[in-house]
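Keep in mind that the numbers below use all heavy atoms, side chains included, and drop hydrogens, waters and symmetry copies. For clarity, every value in this text was computed on a predicted model and none was experimentally measured.
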Amino acid sequence: MSLAPSIRILLVEDNPGDAFLVQELLSEVGGWLSVSRVERVAEALEQLAESHFDAVLLDLSLPDAHGLEAVHGIRSALPEITIVVLSGLADQQIALQAVREGAQDYLIKGQVDGDAIARALRHGLERSRIQLELEHQRRALEAQMSLAVEAAQIGLWEWDLTSAKQRWSDEQTRLLGLEVGSGRSLTAESPEPPPPAGVPFETNHRTFLRAVHPDDRQRLKAKVRQVLETGELYEDEFRVVLPGGQERWLAVRGRVYRNRSGRPVRMAGITLDTTQRRLAEEALRQSEARLREINQAQQRFVADAAHELRAPLTAIQGNLELLYRYPEMPPQDRMESVSQALKEAQRLGRLVADLLALARGDAGHRLKRESIELDRVLLEAFESACHLSQQHRLTHELEPVRLVGDRDYLKQLALILLDNALKYTPPGGQVHLALSRQEGHAELQVSDTGSGIAPQDLPHVFDRFYRADQSRRRDPGGSGLGLSIAKWIVEQHGGEIWLESEPGQGTRAVVRLPLTAAGRSAF
């Protein structure tokens, strides 16, 4: 049997005879053991503090310590030192307690020889080395786990069902919307000093329930009762209310631990913040709904466009076939067919132009950005509108306004609104164009004394191909896209547009445009 060379042993023995015998026994083992002797625990602590020793050979009956006091004292001062007890007390209970206190072995004087002592020291040193290595590995693993839990923002919790106390990590407290350190004191009469950050603290179930959203409390309590009665795995998701009133979604995963009789005694688990996932799911649902709406709108648009294009094409084709089949028709009939074909071709051209305008808008067409005198642009549109009808009274009141925008599109906007007003105002009626400067924006109004629009139709007037009433549906000149184009132009300038109307009282279109370049990104 051999030990590694230069093993230093500190013998703590006050009896000179016993000390001499132990030293003699160890000297017979070999010269690789170096033994130093002290008589008291206090002297041993001084020696251990000043010099390096690999192991302590300890008696339990000493002048300044009796029984396990010696083991406890040395272990407290040097937790990693190897201790082998060599005592005259042949008491198995004391031997077990000594090992629980940290001794590596318990030997009885008079029942061992040098080899047995050396073997106990060797085994003790090896066990200490293994324990130290395991302790280092445990601490490294705990550090890694702590870092992973902190990085993943995972809250840890434990619920002692026998005492009704819960222990939370600091992250669990933060997830519940409480201040770290709050709830650490169980009672006001016996406050506890807050432990270091990251160390779990005790609280009660009522503190937890107060943090839960009121609408989720009863369901959560019922879920917990069900798990405690019938299951082991606990999974749930609920909301908590943060101090500022915001809501946070949390998912909990845990397990119920039962005693041998099957009674639940403890629950433990983790908490995860699922707010972002919930928001993403809600955004996805809204996006899917929006995509469905867009798809349905596109399908309606294609169907409406096909219908609108078919009417003028049918009329053109029909008149051309008449001309082709009856070349000898009277000149008056021939001119009527040509006139109708030309009128429908012009209507078709306007429809195609409007469709192209909306297609450019849908494709993200960028408007020009320049400083313009809006009143002059509207005056040009007004003069053009005067040529469209000689049967209406057109008036204007234009206040000088300068803003940043696209001159051509703003003129088109005015022409659409004026044309729309003229189209649905009976002959002799009045159409008025007004422009005023308001605080931070310009306000454009086009009012008429026409038939007006029913309240149920007002929310749809900007829909593509929508015509409010039967009289408007019968109109052959409109494409049903004018107000849709007008709305797109206004929105691209960062403004807003709406109609105010009463049946039989006329209609007023109102447009508000910002005076600064605050339009959309496409602008």
Side-chain angles (χ1 to χ4, degrees), residues 300-360 379-395 408-409 411-433 446 448-453 457 461 463-486 489 506-507 509:
R300 290 194 302 270
F301 178 75
V302 170
D304 291 341
H307 175 76
E308 295 291 335
L309 290 170
R310 186 181 298 114
L313 284 173
T314 300
I316 294 171
Q317 182 179 2
N319 283 284
L320 290 177
E321 285 182 354
L322 284 175
L323 293 172
Y324 179 76
R325 290 183 179 182
Y326 304 101
E328 304 299 330
M329 70 170 53
Q332 183 178 355
D333 293 342
R334 179 184 295 273
M335 287 300 299
E336 184 177 350
S337 293
V338 172
S339 176
Q340 289 181 357
L342 178 60
K343 186 177 180 180
E344 292 299 328
Q346 291 171 341
R347 178 186 172 192
L348 181 62
R350 290 194 299 271
L351 180 59
V352 171
D354 289 345
L355 287 171
L356 289 175
L358 288 175
R360 285 194 297 269
L379 182 59
E380 293 178 7
F382 178 83
E383 293 172 348
S384 298
C386 290
H387 298 292
L388 297 177
S389 174
Q390 304 296 326
Q391 300 177 330
H392 298 87
R393 290 182 292 115
L394 281 82
T395 59
D408 295 336
Y409 275 102
K411 182 177 179 179
Q412 183 182 5
L413 166 67
L415 282 171
I416 290 172
L417 298 180
L418 287 168
D419 181 62
N420 212 53
L422 291 171
K423 196 178 298 178
Y424 301 117
T425 299
Q430 182 177 359
V431 174
H432 181 69
L433 172 64
V446 176
D448 62 57
T449 58
S451 57
I453 304 172
D457 291 320
V461 293
D463 295 347
R464 299 178 182 185
F465 296 114
Y466 184 84
R467 294 186 178 89
D469 55 33
Q470 293 303 316
S471 65
R472 295 182 177 224
R473 293 178 190 275
R474 288 193 300 270
D475 170 64
S479 66
L481 297 174
L483 288 179
S484 299
I485 296 173
I489 294 173
T507 301

Contact summary for I416 and L483, nearest pair of heavy atoms: CG2-N, 4.2 Å
CG of D448 to CZ of R393, rounded to nearest 0.5 Å, is 12.0 Å
Any chance you could lay out the side-chain contact (heavy atoms from CB on, under 4.5 Å) test for M329 and L323, step after step, and finish with the verdict? CA-CA 8 Å; M329 70 170 53; L323 293 172; 4.1 Å; yes
Tell me if the CE atom of M335 is crowded by more than 12 foreign heavy atoms within 6.0 Å. no
Which value, rounded to the nearest 0.5 Å, describes the distance between F382 atom CZ and K411 atom NZ? 13.5 Å
Which residues share a side-chain hydrogen bond (donor to acceptor under 3.5 Å, both in side chains) with D333, sequence neighbours left out: none
Please find the pair of heavy atoms, one from L418 and one from A385, that lie closest to each other, and give the distance. CD1-CB, 3.8 Å
In terms of heavy-atom contacts, G429 and T449 come closest through CA-OG1, 3.4 Å
Please list, chain by chain and in numerical order, all residues satisfying side-chain contact (heavy atoms from CB on, under 4.5 Å) with E383, sequence neighbours excluded. L379
Test your reading of the model: is there a side-chain donor-acceptor pair from R334 to the backbone of P327, 3.5 Å cut-off? yes
Stepwise side-chain contact (heavy atoms from CB on, under 4.5 Å) test for L413 and Y409: CA-CA 6 Å; L413 166 67; Y409 275 102; over 6 Å; no
Heavy atoms only: give me the nearest L417-A509 pair and the separation to one decimal. CD2-CB, 4.1 Å
Evaluate side-chain contact (heavy atoms from CB on, under 4.5 Å) for L422 paired with L394, printing each intermediate quantity in order. CA-CA 9 Å; L422 291 171; L394 281 82; 3.8 Å; yes
Looking only at heavy atoms, what is the nearest atom pair of Q340 and N319, with distance? OE1-OD1, 3.2 Å
What's the spacing between E344 CD and S339 OG if we round to 0.5 Å? 10.0 Å
Roughly how far apart are Q412 CD and I489 CD1, rounded to 0.5 Å? 4.0 Å
Quick one: closest heavy-atom pair of A421 and V431, and the distance? CB-CG1, 3.9 Å
